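A short worksheet on the structure shown next.
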There are 2 protein chains.
Amino acid sequence: MRHVPQPAREDLDLPAVLHALGDPVRFELVRRMASGGEVACSPDDLDVPRSTLSNHWRILREAGLTVTRPEGKARCMSLRRDDLDARFPGLVDTLFGRAGEPV
Amino acid sequence: MRHVPQPAREDLDLPAVLHALGDPVRFELVRRMASGGEVACSPDDLDVPRSTLSNHWRILREAGLTVTRPEGKARCMSLRRDDLDARFPGLVDTLFGRAGEPV
C-alpha cells in the first residue's frame, strides 16, 4: 500500500475542513462515516464515477477528515472523529447529530 | 441598486453553506460578521484585491450567508444569523462561538 499522507491533529485547519465538507457527495460520505463507521471506498449505491470518488476521498483525507484502512484490494475509510472533536468541539455533532443525521 | 438575489431561508443548503465557509478569506469575513455585525464590503485591513473580495461576497450571498445593505456608494454586509440558526441550529455558534471567536 502506498503511503497515504494525512495531516496531524494539530495541523487540522477549519476552513480546509469546511471546504472538504462543502460538496454534496463528500458531505454524504462524511455523514455515512459519522453515522455508521467505516465506509467502503467505492460504495455500490452512489452514482459517482470511481475516479471522481477517488478524488473526493483524497480531498477528505488531505483535509484530515478520514483515515484509510486497506482491505484486500479495496480500502475502507473512517472518520477521524477523535481528532475532529478535539480540534473543533461540537462540529461533527452539530453537522450530523449524534445519530449521524443531518440537521 | 441592482437586484441582489439571495436564497430564501428554506432553500439554504448545508453543503453550499460549508463550501462558502471553506475559504480562509470568506471564513474571516463571516467571523467578523458573527462577532461584530456589519462589515464594509471592502475592509481596509484585508490584503485582498477588491475584485477578489467582490467574488467572495457573491459566493457568501448566493449561499445564503449574508444580507447586503447599501451605504452611499458602498455596501455593508451582515450575517443572516436568524436564518442560519433556524436552518442549521448551533452551526454559527459552533464555528465562531457566541463571541465570534473561532473554536
Side-chain angles (χ1 to χ4, degrees), chain A residues 7 9-35 46-48 52-53 55-66 79-103, chain B residues 7 9-35 46-48 52-53 55-66 79-103:
Chain A
R9 174 185 289 192
E10 59 270 24
D11 293 330
L12 297 188
D13 175 67
L14 186 48
V17 166
L18 297 173
H19 171 77
L21 289 164
D23 171 273
V25 172
R26 293 196 296 271
F27 188 87
E28 170 62 16
L29 293 171
V30 175
R31 192 194 64 76
R32 291 180 181 202
M33 289 184 287
S35 166
L46 277 186
D47 188 21
V48 180
T52 305
L53 261 181
N55 191 48
H56 283 317
W57 284 121
R58 181 183 58 75
I59 291 169
L60 289 170
R61 172 174 50 76
E62 289 180 353
L65 283 152
T66 60
L79 202 60
R80 292 174 59 185
R81 183 146 193 158
D82 288 350
D83 291 332
L84 292 165
D85 286 348
R87 289 282 286 124
F88 316 116
L91 180 61
V92 174
D93 280 343
T94 298
L95 292 177
F96 302 102
R98 294 203 174 271
E101 293 302 314
V103 293
Chain B
R9 174 185 289 190
E10 59 270 24
D11 292 330
L12 296 187
D13 176 68
L14 186 49
V17 166
L18 297 173
H19 171 77
L21 289 163
D23 170 274
V25 172
R26 293 197 296 270
F27 188 86
E28 171 62 14
L29 293 173
V30 175
R31 191 194 64 74
R32 292 179 181 203
M33 289 184 288
S35 166
L46 278 186
D47 188 21
V48 180
T52 305
L53 261 182
N55 192 47
H56 284 317
W57 285 121
R58 181 184 57 76
I59 291 169
L60 289 170
R61 173 175 49 77
E62 290 180 353
L65 283 153
T66 60
L79 203 59
R80 292 174 58 184
R81 182 145 195 161
D82 288 350
D83 291 332
L84 292 164
D85 286 348
R87 289 281 286 125
F88 315 117
L91 180 62
V92 174
D93 280 343
T94 298
L95 292 176
F96 303 102
R98 293 202 174 272
E101 292 304 314
V103 293

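Letters A, B, ... are given to chains in the order of the sequence lines, protein chains preceding strands, and every chain is numbered from 1. Just so you know, these numbers come straight off a predicted model, no measurement behind them.
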Worksheet item: Among A:Val17, A:Leu18, A:Leu21, A:Asp13, who wins on heavy-atom pairs under 4.5 Å with chain B?
Response: A:Leu18
Fill in: For B:Pro24 against A:Pro15, the heavy-atom pair lying closest together
N-CB, 4.1 Å
Discussion item. Nearest 0.5 angstrom please: B:Thr94 OG1 to A:Asp93 CG, how far?
Written reply: 9.0 Å
